[in-house]
Number of protein chains: 2
Amino acid sequence: MATDRDSVLEAAVGVLSRRPTAHLDEIARAAGISRATLHRLFPGRDALIREVGLLGLQRFGAALDSAAVDEGDAHAALRRLVEALVPDASLCAFLTGESTLYDDEEINELWESQIARMHALFLRGQQQGTFRIELSAAWLSEAFFDLVAGIGWAIQDGRLAPRDAVFSLSELFLGGALRAPRPS
Amino acid sequence: MATDRDSVLEAAVGVLSRRPTAHLDEIARAAGISRATLHRLFPGRDALIREVGLLGLQRFGAALDSAAVDEGDAHAALRRLVEALVPDASLCAFLTGESTLYDDEEINELWESQIARMHALFLRGQQQGTFRIELSAAWLSEAFFDLVAGIGWAIQDGRLAPRDAVFSLSELFLGGALRAPRPS
DNA sequence: TAATTCTGAGACATCCACGTCTCATTCGGA
DNA sequence: TCCGAATGAGACGTGGATGTCTCAGAATTA
């Protein structure tokens, strides 16, 4: 069953985003399977983490796609991106915390290309007069992703209600990023 | 020499904030000492990481003190806090990345108490009408610290100029946190 | 200079997570 | 019911980082 692999990856995210050094025992338990089965699904720890990373980057890219970040008003695009990204916030938290991921060439390239899309969004928004130009597009991209990851951690630890996530993130970030005094 | 321990801790932060799983060899090399001397200064890896964590929390507390976060206007207090905290941004990055730290009771209590001080600052700011009340004080605290950590990572990786750190952080965050349309 | 202390380099031993294996059990289909 | 596949539990070996040790050389002090 291919679905099983995915559900295991989901469970792995839940554990690894909070504790990147978690043992395989713990991940297996979280997935509701034995360590043996975990090894049957994934050759080893490195492979598992790599696949989780690829899943995260794929979801990230899918969110960028579904939000159509390179179309229309940058402000609206960013709000769409928040909506699309929040459900995978813990995955983004994983991408931030698991630093060893970026030793891998393919992962690195994927990451760079997704970040470039975000960078382009902010750059376009600045050219449109939507986003502030005193803050570099690079910093806006970085800060945005940091906040998404923070959302993921906060939700997982029960410090933030999932329902509040989209509002909290978009209001705080856009308040600082938008050039206009305050969005409606 | 007591100073040596501190300089080793500083070097350890530089390595561990970026790669929490770095080997002791690497940390020793970064500190310019041998692994043997590292072991003479710190009983083991756990002890080293614990001391780095304590250093970070102490610096965090010192920043809260020097910024006098519980005095006067909350807006001004937060700006002072940013100034005081940015030099130790990588230490804050370490505190967010090294999750195993919080297995320790003492570390956990220290962390909670410092966060409580930040929480109080935001709560006071909300009561003063300085900060937005649509965003919970807890989320503001969390998001602020996430951004500080992000600043630390960005500076260490050379993606952000240290000179721009205070401005980038305070402008972005305050823009989203302040109730007033935009600070001067 | 001589003595003491500190340091670095390296050689071990140890420990723990990981990877592999076996085997009994369970689940699902014929 | 029977058979095959999949799973879980556990044992076992392995690798690599860690922790401890020794010893020679450097640094510091008298």
Side-chain angles (χ1 to χ4, degrees), chain A residues 1-56 93-95 97-107, chain B residues 1-56 93-95 97-107:
Chain A
M1 300 203 181
T3 320
D4 258 342
R5 281 177 62 92
D6 286 357
S7 69
V8 169
L9 287 179
E10 296 283 355
V13 172
V15 176
L16 290 173
S17 63
R18 182 194 301 258
R19 216 136 46 73
T21 63
H23 303 324
L24 292 184
D25 294 340
E26 197 174 347
I27 298 172
R29 237 180 301 128
I33 61 177
S34 71
R35 199 162 63 92
T37 304
L38 183 62
H39 273 285
R40 288 185 187 108
L41 292 172
F42 303 95
R45 181 189 183 83
D46 292 345
L48 172 62
I49 287 185
R50 210 182 101 91
E51 288 220 37
V52 176
L54 286 174
L55 176 66
F94 169 81
L95 289 175
E98 191 66 51
S99 51
T100 61
L101 265 180
Y102 302 94
D103 298 339
D104 184 281
E105 191 72 24
E106 185 185 357
I107 296 256
Chain B
M1 302 209 180
T3 320
D4 259 341
R5 282 177 62 90
D6 286 358
S7 69
V8 169
L9 287 179
E10 296 282 355
V13 171
V15 177
L16 290 173
S17 63
R18 183 194 301 258
R19 214 133 51 72
T21 63
H23 303 325
L24 292 184
D25 293 340
E26 196 174 347
I27 298 173
R29 237 180 301 128
I33 61 177
S34 70
R35 198 162 64 93
T37 304
L38 183 62
H39 272 285
R40 288 185 188 107
L41 292 173
F42 303 94
R45 182 189 183 84
D46 291 345
L48 172 63
I49 287 185
R50 210 181 101 91
E51 289 220 38
V52 176
L54 286 173
L55 175 66
F94 169 81
L95 288 176
E98 192 66 50
S99 51
T100 61
L101 266 179
Y102 303 93
D103 298 340
D104 184 281
E105 192 71 23
E106 184 185 357
I107 296 252

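Proteins get letters first, then strands, A, B, ... in listed order; numbering begins at 1 in each.
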Point to revise | Side chain proximity check, A:I49 to A:F94, heavy atoms < 4.5 angstrom | key: yes
Point to revise | Atom pair distance, as rounded to whole Å: CG in B:D4 and P in C:dT7 | key: 7 Å
Study note, to complete from the structure: B:L41 atom CG is separated from D:dG19 atom C1', nearest whole Å, by 15 Å
Practice item. Indicate yes or no: at least one non-hydrogen side-chain atom of B:Y102 is less than 4.5 angstrom from one of B:L95. Key: yes
Ignoring hydrogens and angles, write down the donor-acceptor pairs under 3.5 Å from the side chains of residues 16-23 of chain B, residues two or more places apart or on other chains.
{"residue": "B:S17", "atom": "OG", "partner": "B:V13", "partner atom": "O", "Å": "2.9"}
{"residue": "B:S17", "atom": "OG", "partner": "B:Q156", "partner atom": "OE1", "Å": "2.8"}
{"residue": "B:S17", "atom": "OG", "partner": "B:Q156", "partner atom": "NE2", "Å": "3.3"}
{"residue": "B:R18", "atom": "NH1", "partner": "B:D157", "partner atom": "OD1", "Å": "2.4"}
{"residue": "B:R18", "atom": "NH2", "partner": "B:Q156", "partner atom": "O", "Å": "2.8"}
{"residue": "B:R18", "atom": "NH2", "partner": "B:D157", "partner atom": "OD1", "Å": "3.1"}
{"residue": "B:R19", "atom": "NH2", "partner": "B:E26", "partner atom": "OE1", "Å": "3.2"}
{"residue": "B:R19", "atom": "NH2", "partner": "B:E26", "partner atom": "OE2", "Å": "2.6"}

Check your understanding: CZ of A:R45 versus C1' of C:dG19: gap in Å, rounded?
Key -> 13 Å
Study note, to complete from the structure: Between the CG atom in B:D6 and the CG atom in B:L55, the distance rounded to the nearest 0.5 Å is 7.0 Å
Check your understanding: In whole Å, what is the span from the NE2 atom of B:H39 to the P atom of D:dT18?
Key -> 7 Å
So which protein nitrogen or oxygen atoms get under 3.5 Å of nucleotides 21-29 of chain C's nitrogens or oxygens?
none

Check your understanding: A:L38 has an atom CG; how far is it from atom C1' of C:dT20, in whole Å?
Key -> 14 Å
Exercise for review: Find the distance A:D46:CG to C:dA17:P and express it as a whole number of Å.
Suggested key: 16 Å
Review point. Whole-Å distance between D:dT18 C1' and B:L48 CG?
Key: 13 Å
Review point. In residues 17-35 of chain A, what residues come within less than 4.0 Å of DNA chain D, judged by heavy atoms?
Key: A:G32, A:I33, A:S34, A:R35
Check your understanding: Any side-chain heavy atom of B:T37 sitting closer than 4.5 Å to one from B:R40?
Key -> yes
**Study point:** Close side-chain approach of B:L41 to B:I33, heavy-atom, < 4.5 Å
**Key:** yes
Review point. OP1 or OP2 of C:dG8 less than 4.0 angstrom from a side-chain nitrogen or oxygen of B:T37, does that happen here?
Key: yes
**Study point:** Any A:L24 side-chain heavy atom under 4.5 Å of A:H39 side chain
**Key:** yes
Review point. Roughly how far, to the nearest 0.5 Å, is OG1 of B:T100 from CG of B:D46?
Key: 7.5 Å
Check your understanding: Once you round to the nearest 0.5 Å, how far does CD of B:E106 lie from CG of B:L101?
Key -> 11.5 Å
Check your understanding: B:R5 has an atom CZ; how far is it from atom P of C:dC6, in whole Å?
Key -> 15 Å
